[in-house]
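Predicted, not measured: the structure shown is a model, and the values here were computed from it.
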Amino acid sequence: MTKHIFVTGGVVSSLGKGLTASSLGRLLKARGLRVTMQKLDPYLNVDPGTMNPFEHGEVYITDDGGETDLDLGHYERFIDEPLTRASNATTGSIYSAVIAAERRGDYLGHTVQVIPHITDEIKRRISTLASEDVDVVITEVGGTVGDIEILPFLEAIRQFRLDVGRDNVCYVHVTLVPFIGPAGELKTKPTQHSVTELRSRGIQPDVIVCRSDRPISDGLSRKISNLCDVPIDGVVNAPDASSLYEIPLTMHEAGLDSYVCDLLGFGHMEPDLTAWQALVHKVENVWKPLTIGIVGKYVSLPDAYLSVAESLRHAAINQGIDINIEWIMSDQVEGLMVAEKLSHLDGIVLPGGFGERGVEGKIAAAGFARENNIPCLGLCLGMQTMTIEYARNVLGLAEANSSEFDSQDRTTPHPVIDLMESQRDVTDMGGTMRLGAYVAVLEEGSQVEAIYGKKVIRERHRHRYEFNPKYRSRFEGSGFRCSGTSPDGLLVEFIELENHPFWVGTQAHPELKSRPDRPAPLFDAMVAASLERATKLRPDDYVQVDEASVVVELDA
C-alpha cells in the first residue's frame, strides 16, 4: 500500500518546507523507493497562473500544462520525476470542484459544508497520486500552522490517517529555533507553541525538523523531544547550508530518512547517495566566477525567475565554474544606460514575462549582445524581443513590435510577433495559451541541433504570442535562422544567429526541465560560450593552479 508523508510548517513562513520535503523525497528515492510529491496551497486562486510574479514568484509548468506553485520546481529538481497538474491543489480549485458538484446535484440535496465535503475533496486529491507505481506520496501543506485558511487541510490530513491506517502515514513538522543575540541562546519556545497549535488540530507530529542558523545542541534536542512528545530520533536539526543541494546529505546525517523509513515499515535499506555526493563535491569545488546578467521585468523578486537562476547554477556546476548572477531591471536598460549596465557581463539571459513594461530594455539588451558578441539566451518573451530587435535594426522594419503591445493609440505596422489566426476569436485568455510540453523539430546542421544532440525534442511552454510566419521569409537568408519549428512547420520554436558565439532564443522554457546533475542543454551551452569568451578576454583569471604545487611561505 502507498505510504503518505505530510509536511507542515510552523512559527513563520519561508522556513524551507518545500526543500525539506524535496530532500526527504531524494533520500527515499536513493533507497530505491518510488516517490511522487504534491503541494496543497491555501490561497483562493484556482491556480497561480494569474497571480502577480512580484507577489507569488514564478509559475511552474508541468508537462501536461498545469500552472503550478514554484515548489514543484524544487520537487522535480530533487526527485527527478515529472509531476503533473494533480501535484498542486489550491483552496480555489477545491472549492470550485465542490461547488460544481453541488450544482450538478451530486450531493443529492444535502447541505454542503467544509466538513465533510471540502475535506473529502482534499483527501480525494491526495489519494489521486497513490497508485501501484508509487511507494510514497509526500504532500506539503502550504502556509503556517495557526493560519485560518489552512484549517481544512489540517483537518483533512488528520482524517487521512484514520482512513488509510496509522502505519501508513507520517507527519513531519518544520519549525524555527531562533537565535536570540542579546541572550546568546537558541530558543525552543516557538517550536513548543507551534507543536501545541498543531496538536490542538488533532495532529501529533512524528518528526520535528528544527530550522536554525547554527547547529542545536543535544540538550536542546532532548528538551524539544520531551516537551513535544516526539522521540529524540525524531527531532532533526537542519541548520542553514551553503548550498541547497547539501540539504539532503545534512538530513541523512541527522537520520531523517532512516527514522521515517522505520516508522513507515520500509526497513533498513541504505541509500545510494554516491551521485548526489559527487554533485555536492562539484558545487564545493567550483572556481573563478562568471558574471551572467538576467535582464528581466520582475528581478526585484528573484523567485520570479527561480528556475532560470537554478538552471544557470546547474550549468555552472557542470562546467566547474562559480557563477555570479546579476539581477538587472529591464526598464533600466535603455538609451545611454545599456553599455553601463551590460558591458561587464560574460553572458545575458532574457527571461519570459507578460506585458509591455520593460520590453524596450530587453530589446536593447538583445541588440547589445548581438553587436558585441556576448552570449545571449532568450526565453519565451526573451526570444520574442530578440526577434523584434533584429527586425528593427537589421531588417529595417523600424516600428516592428509584438501585437501584444498594441493599443488604441498605437498599432505596429510590422507585428513580427502576433497571435495565431486560430486564437484571434478566443475570448478566454487561458484558451489562447500554449501550455505544457510540445515537440519541436530542430533544423539539421543548426546550432541548437548540435546542442541537444538530436533532431526532435520536447520542451515546456507558457505563452500566448508567436513568431509571425508571414515575416519568416524576410528573416531567413539574412543570418537569422529559424532553427526549430513545430512538427507541422508552422510555429517557430527556436531562433539563432549565424556567425555569433551564442545568440539563441526559444519560445519554450527549457529551465523547467533542468536538473542539478543534468543541466538544460541550452543553459549549459550558453554558460560554456560565456566561459570561452571570458577566458579569451581575461586569460589570467582562468588558469587553474595545481594546489599541490603551491608553496605557502610562513613568516618566521
>> Suppose we screen for salt bridge (charged side-chain N to carboxylate O under 4.0 Å, His left out). Which residues come up paired with Glu102, at least two apart in sequence or across chains?
In response: none
> Going through the distances and angles, do Tyr107 and Val98 end up as a side chain to side chain contact (heavy atoms under 4.5 Å, CB included)?
Replying inline: CA-CA 9 Å; Tyr107 302 124; Val98 170; 3.6 Å; yes
> Which heavy-atom pair separates Thr8 from Leu154 by the least distance, and what is that distance?
Replying inline: CG2-CD2, 4.1 Å
>> Please verify the inter-ring angle class for Phe78 with Trp276; under 30° counts as parallel, over 60° as perpendicular, anything in between as tilted.
In response: tilted
> Is the closest side-chain donor-acceptor distance between Glu310 and Tyr245 under 3.5 Å?
Replying inline: yes
> Which pair of non-hydrogen atoms, one from Leu151 and one from Arg201, has the smallest distance, and what is that distance?
Replying inline: CD2-NE, 3.4 Å
> Is there a side chain to side chain contact (heavy atoms under 4.5 Å, CB included) between Phe354 and Leu381 once you walk through the steps?
Replying inline: CA-CA 7 Å; Phe354 293 88; Leu381 179 62; over 6 Å; no
> Under the side-chain hydrogen bond (donor to acceptor under 3.5 Å, both in side chains) test, which residues partner Glu404, sequence neighbours left out?
Replying inline: none
> Side chains of Thr250 and Glu246: do they bring a donor and an acceptor to under 3.5 Å?
Replying inline: no
> Are Thr506 and Glu459 close enough that a side-chain donor and a side-chain acceptor fall under 3.5 Å?
Replying inline: no
>> Side chains of His74 and Ser22: any donor to acceptor distance under 3.5 Å?
In response: no
> If you take all heavy atoms of Ile247 and Ser23, which pair is closest and at what distance?
Replying inline: CG2-OG, 3.2 Å
>> Apply side chain to side chain contact (heavy atoms under 4.5 Å, CB included) to residues Leu273 and His252 and explain how you reach the verdict.
In response: CA-CA 10 Å; Leu273 295 172; His252 174 65; 3.7 Å; yes
>> Is there a side chain to side chain contact (heavy atoms under 4.5 Å, CB included) between Arg434 and Leu491? Walk through the geometry before answering.
In response: CA-CA 11 Å; Arg434 231 183 351 139; Leu491 303 177; 3.6 Å; yes
> Are any of the side-chain nitrogens in Asp47 or Arg85 under 4.0 Å away from the carboxylate oxygens of its partner?
Replying inline: no
>> Between Glu149 and Thr91, does the side-chain hydrogen bond (donor to acceptor under 3.5 Å, both in side chains) criterion hold? Intermediate values first, please.
In response: CA-CA 8 Å; Glu149 59 262 33; Thr91 295; over 6 Å; no
>> Going by salt bridge (charged side-chain N to carboxylate O under 4.0 Å, His left out), name the residues that satisfy it together with Asp63, two or more places apart in sequence or in a different chain.
In response: Arg460
> Is there any salt bridge (Lys or Arg N to Asp or Glu O under 4.0 Å) pair reaching into residues 157-171, and which pairs are they, with sequence neighbours excluded?
Replying inline: Lys123-Asp163, Glu155-Arg158, Arg161-Asp206
>> Can you give me the closest heavy-atom contact between Ser311 and Ser514, atom names plus distance?
In response: OG-CB, 3.2 Å
> Do the numbers put Arg31 on top of the ring of Phe266, so that NZ or CZ is under 6.0 Å from the six-membered ring centre and no more than 45° off the axis?
Replying inline: no
>> Within the supplied structure, the quantity of interest is the number of heavy atoms (other residues, nucleotides, ligands) at a distance under 6.0 Å from Ile180 CD1; does it exceed 12?
In response: yes
> Do the side-chain N and O atoms of Ser131 and Asp133 include a donor-acceptor pair separated by under 3.5 angstrom?
Replying inline: no
>> Test your reading of the model: is there a side-chain donor-acceptor pair from Thr175 to the backbone of Thr191, 3.5 Å cut-off?
In response: no
>> Just to verify, what does Thr111 make a side-chain hydrogen bond (donor to acceptor under 3.5 Å, both in side chains) with, not counting sequence neighbours?
In response: none
> For residues Thr90 and Asn45, is any side-chain donor paired with an opposing acceptor at under 3.5 Å?
Replying inline: no
> Mind checking what makes salt bridge (charged side-chain N to carboxylate O under 4.0 Å, His left out) contact with Arg211, not counting sequence neighbours?
Replying inline: Asp240
> Does a side-chain heavy-atom distance below 4.5 Å link Val236 with Val172?
Replying inline: no
>> When you compare the side chain of Asp257 with that of Met251, does any pair of heavy atoms fall below 4.5 Å?
In response: no
> Nearest heavy-atom pair of Leu129 and Ala86: which atoms, and what distance?
Replying inline: CD2-CB, 4.0 Å
> So which heavy atom on Asp69 is nearest to which on Asn88, and how close?
Replying inline: N-OD1, 2.8 Å
> Would you say the side-chain atoms of Glu493 and Tyr438 include a donor-acceptor pair closer than 3.5 Å?
Replying inline: no
>> For Phe523 together with His314, are the ring centres under 6.0 Å from each other?
In response: no
